[in-house]
A.B. asks: 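This is the structure I have questions about; it appears just below.
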Amino acid sequence: MRLIVIIPTLGRSGQVARLLGYLGGQTRLPDEVILSAPDATHVELPESCPFPVSLVFGPKGLAAQRNRALVPSLGRFDIITFFDDDFVPCAAYLEQVEKAFVENDGWAVVMGKVVRDGATNAGLTWENAEAALRENEGKKHDGPSVVDHVGAYGCNMSFRSSLVGDLRFDERLVLYGWQEDIDFTSQMRSKGRVVCVTAITGVHLGIKTGRVSGERFGYSQVANAIYLIKKGSVPASFALPLMFRNIAANLAKSLRPEPYIDRRGRLRGNMLAIRHIAMGRIEPEYILKI
């Protein structure tokens with residue numbers, strides 16, 4: 001099977017170069033890598049790569065950047081893997097993904113288990129990631145080896161290309177694109193299983209640069225959830241608890257916020273979105289006006 005890795009990126013050129021160098025150590029190399037960025041200033045390439053690297057440029061926004069690389073990949077590759085530019089996969093990641101699709105015809109989407117996630121804290125270093133992967137290697141884990149999900153976590157997700165069809169990431173989910181990954185992959189469930197294979201592992205560094213403002217992000221936490229429920233792509237049983245957990249966390253921690261999260265800005269964004277929804281206004285793009 002032919003496998004491509006797509007990496008959307010924004011403002012992290014040095015990180016991209018390091019990730020490309022790291023992918024050269026995969027036990028199964030990608031057949032190609034596409035970097036999707038606003039322009040060349042966001043991309044830095046290592047001196048050499050053992051696989052072809054292509055560049056696509058255009059307006060920023062995670063959904064739009066994903067689509068720009070996805071479209072030319074369809075029909076050319078059997079497996080399309082998306083990595084965030086701050087995701088560090090285990091050495092056998094791509095080999096295991098290919099094996100999963102070869103051995104399971106009914107699987108549409110495969111994601112790996114994130115053994116450490118810097119998005120939940122101040123962020124992780126490469127050294128943290130490599131140590132976590134070494135610690136996890138060969139370790140036996142309790143629980144099922146395959147877990148079905150409503151959708152996939154966008155920092156690492158792979159699709160069976162033949163099942164994508166006309167489906168695209170929703171570009172109304174602008175900028176950081178909050179929940180664009182769940183929106184896309186939950187729609188893939190009509191074509192096959194969406195699973196996490198716990199033996200496929202990686203670490204999400206959760207680098208804070210390149211993110212949107214707290215107020216914009218807070219608005220998306222509410223507006224995008226309601227938009228996707230109304231769209232019918234994400235069940236309310238998934239989107240509403242996530243939305244309420246985020247609002248509760250922002251409210252509870254706004255008095256003593258973490259130094260790396262703008263809780264007060266997120267809470268302002270939450271409240272603005274709630275006010276708009278009460279007025280019947282469901283507009284994810286509004287964050288462009290904030």
Side-chain angles (χ1 to χ4, degrees), residues 3-10 12 14-36 46 49-51 62 66 69 79-101 104 107-149 151-160 177 180-182 184-185 194-211:
L3 184 154
I4 188 168
V5 171
I6 295 173
I7 305 172
T9 189
L10 175 72
R12 299 176 182 169
Q15 173 67 18
V16 169
R18 186 162 188 177
L19 177 56
L20 287 173
Y22 185 83
L23 290 180
Q26 286 284 301
T27 57
R28 189 265 193 241
L29 293 175
D31 294 295
E32 186 176 332
V33 171
I34 295 182
L35 302 178
S36 182
C49 278
F51 43 78
L62 187 50
R66 290 194 192 280
I79 301 169
I80 299 173
T81 295
F82 279 93
F83 285 150
D84 278 5
D85 57 13
D86 60 348
F87 181 77
V88 183
C90 67
Y93 188 104
L94 296 179
E95 179 184 353
Q96 291 172 303
V97 163
E98 182 177 42
K99 183 173 184 287
F101 280 113
N104 299 277
W107 290 6
V109 181
V110 172
M111 65 175 169
K113 180 181 179 181
V114 178
V115 295
R116 287 195 67 187
D117 192 352
T120 64
N121 53 44
L124 302 171
T125 66
W126 271 88
E127 291 70 29
N128 295 148
E130 290 170 345
L133 291 173
R134 284 195 302 271
E135 181 182 341
N136 188 75
E137 190 175 355
K139 183 185 292 185
K140 290 186 177 180
H141 298 278
D142 296 330
S145 59
V146 176
V147 181
D148 286 274
H149 281 256
Y153 189 5
C155 69
N156 80 112
M157 55 185 180
S158 300
F159 313 136
R160 192 181 297 276
E180 96 298 333
D181 47 1
I182 301 295
F184 185 99
T185 54
V194 176
V195 302
C196 174
V197 179
T198 57
I200 305 174
T201 60
V203 173
H204 184 211
L205 300 182
I207 295 173
K208 306 310 180 200
T209 59
R211 299 292 182 99

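Sequence positions, counted from 1, serve as the residue numbers for this chain. What you see below is based on every heavy atom in this structure, not just the backbone, and it leaves out hydrogens, waters and symmetry mates.
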A.B. asks: Decide yes or no for V203 and V115: does some side-chain heavy atom of the first lie under 4.5 Å from some side-chain heavy atom of the second?
C.D. replies: yes
A.B. asks: In chain order, what residues pass the ring pair (Phe, Tyr, Trp, His ring centres under 6.0 Å) check against Y153, with sequence neighbours excluded?
C.D. replies: H204
A.B. asks: Angle between ring planes, Y93 versus F83, binned at 30° and 60°: parallel, tilted or perpendicular?
C.D. replies: perpendicular
A.B. asks: Determine the minimum heavy-atom distance between L19 and P89, stating which atoms define it.
C.D. replies: CD1-CD, 4.3 Å
A.B. asks: Looking only at heavy atoms, which two atoms of V110 and A100 are closest? And how far apart?
C.D. replies: CG2-CB, 4.4 Å
A.B. asks: Give a yes or no on whether the backbone of D86 and the side-chain of D84 come within a donor-acceptor separation of less than 3.5 Å.
C.D. replies: no
A.B. asks: Using atom types as modelled and distance alone, determine if a side-chain donor or acceptor of N156 lies under 3.5 Å from a backbone N or O of G112.
C.D. replies: yes
A.B. asks: A132 and R116: which non-hydrogen atoms are nearest, and at how many Å?
C.D. replies: CB-CD, 3.7 Å
A.B. asks: Restricting to non-hydrogen atoms, name the atom on I182 and the atom on A152 that form the minimum distance, rounded to 0.1 Å.
C.D. replies: CD1-O, 3.5 Å
A.B. asks: Side chains of C155 and V114: does their closest heavy-atom pair fall under 4.5 Å?
C.D. replies: yes
A.B. asks: Rounded to the nearest 0.5 Å, what separates atom CG in L3 from atom CD in E95?
C.D. replies: 11.5 Å
A.B. asks: Can you see which heavy atom on P30 is nearest to which on V5, and at what distance?
C.D. replies: CB-CG2, 3.9 Å
A.B. asks: Under the ring pair (Phe, Tyr, Trp, His ring centres under 6.0 Å) rule, collect the residues that match up with F51, sequence neighbours excluded.
C.D. replies: none
A.B. asks: Check the pair I7, L23 against side chain to side chain contact (heavy atoms under 4.5 Å, CB included), reporting the backbone distance first and the verdict last.
C.D. replies: CA-CA 12 Å; I7 305 172; L23 290 180; 4.2 Å; yes
A.B. asks: Answer yes or no: is there a side-chain heavy-atom contact under 4.5 Å between M111 and T185?
C.D. replies: no
A.B. asks: So do W126 and Q15 actually touch side chain to side chain, heavy atoms under 4.5 Å?
C.D. replies: yes
A.B. asks: Considering all heavy atoms of both residues, which atom of L20 and which atom of P46 are nearest to each other, and what is their separation?
C.D. replies: CD1-CD, 3.7 Å
A.B. asks: Output the distance between atom CZ (F87) and atom CD1 (I207), rounded to the nearest 0.5 Å.
C.D. replies: 13.0 Å
A.B. asks: Report yes or no: does R28 contribute a side-chain atom to a donor-acceptor pair with the main-chain N or O of Q96 at less than 3.5 Å?
C.D. replies: no
A.B. asks: What distance separates E98 CD from T27 OG1, expressed to the nearest 0.5 Å?
C.D. replies: 9.5 Å
A.B. asks: If we only count heavy atoms from C-beta on, is the D181 to F82 side-chain gap below 4.5 Å?
C.D. replies: no
A.B. asks: Run the numbers on E127 and R18 for salt bridge (charged side-chain N to carboxylate O under 4.0 Å, His left out), then give the verdict.
C.D. replies: CA-CA 12 Å; E127 291 70 29; R18 186 162 188 177; 3.6 Å; yes
A.B. asks: What distance separates M157 CE from F184 CZ, expressed to the nearest 0.5 Å?
C.D. replies: 7.5 Å
A.B. asks: For atom CD of E130, decide whether the heavy atoms of other residues, nucleotides or ligands shown that lie under 6.0 angstrom number more than 12.
C.D. replies: yes
A.B. asks: To the nearest 0.5 Å, what is the distance between CD1 on I4 and OG on S158?
C.D. replies: 12.0 Å
A.B. asks: Under the 3.5 angstrom rule, does the side chain of N128 hit a backbone N or O of T125 as a donor-acceptor pair?
C.D. replies: yes
A.B. asks: Given 3.5 Å as the limit, does a donor-acceptor pair link the side chain of Q26 with the main chain of L94, or not?
C.D. replies: yes
